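Below: the structure, in structure tokens.
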Amino acid sequence: METPIWFARELDHLYLRTGEATAKIRRIRRDSRVELRPCDYRGRYASDEPVVLGTAAICDEEEQHRGEACLKERYRWQWNVIPMIPLPGLSNPHPDLALKERITRARSKDPLPGTCVVRIDVTDREH
């Protein structure tokens, strides 16, 4: 299934954050093998793009903070702000939050409640 993600790279790992109850997490718990390829914000990709193969693992609390820090370093202010803004065609993970709580969460250094960080270990690259 094509699902766009924001990710950050640290050595041979990629980190991403997603909701605890998402299909991504259910798939990772069933089968840790993943395929990644460049895509647009809706998950559309060109068929000639290379596939990156890897193994995914849901991070423990300590590694979750390391992954979250990598993601914030890459995306800066956008990292916690974009999920708080309703955008057409994208699901908003926190649609019922008051503005004050959205601002508090956007400034937080901790992972957003209801989310988890996933580490992907890159195993191969198809060309």
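No hydrogens, no waters, no symmetry mates; every other heavy atom, side chains included, goes into these values. Computed from a prediction, not measured in an experiment: that's the story for all the values here.
When all heavy atoms of I120 and G54 are compared, the closest pair comes out as CG2-CA, 4.2 Å. Closest approach of A8 and L71 over heavy atoms only: N-CD2, 3.5 Å. Of all non-hydrogen atoms in P38 and Y45, the two that sit nearest each other are O-CB, 3.1 Å. The shortest non-hydrogen separation linking I25 to E20 is CG2-O, 3.6 Å.
Just one residue in the list L36, V52, V34 forms a side chain to side chain contact (heavy atoms under 4.5 Å, CB included) with V122, and that residue is V52. Of the residues listed (R119, R74, Q64, E63), the one engaging Y15 in a side-chain hydrogen bond (donor to acceptor under 3.5 Å, both in side chains) is E63, and it is the only one.
Rounding to the nearest 0.5 Å gives a distance of 6.5 Å between OG1 of T115 and CD of E68. Separating the CZ atom in R66 from the NE2 atom in H13 is a distance of 7.0 Å, to the nearest 0.5 Å. Taken from NZ in K24 to SG in C116, the straight-line distance is 10.0 Å, to the nearest 0.5 Å. Annotation: the span from F7 atom CZ to L16 atom CG amounts to 10.0 Å, rounded to 0.5 Å. Atom CZ of R9 and atom SG of C70 lie 11.5 Å apart (nearest 0.5 Å). Note that the CD1 atom of I28 and the OG1 atom of T18 stand 8.0 Å from one another [nearest 0.5 Å].
Counting heavy atoms of neighbouring residues, nucleotides and ligands inside a 6.0 Å radius, atom CG of D12 does not exceed 12 of them. Crowding of R33 atom CZ: a count of heavy atoms from other residues, nucleotides or ligands under 6.0 Å not exceeding 12.
Between T123 and T55, some side-chain heavy-atom pair lies under the 4.5 Å cut-off.
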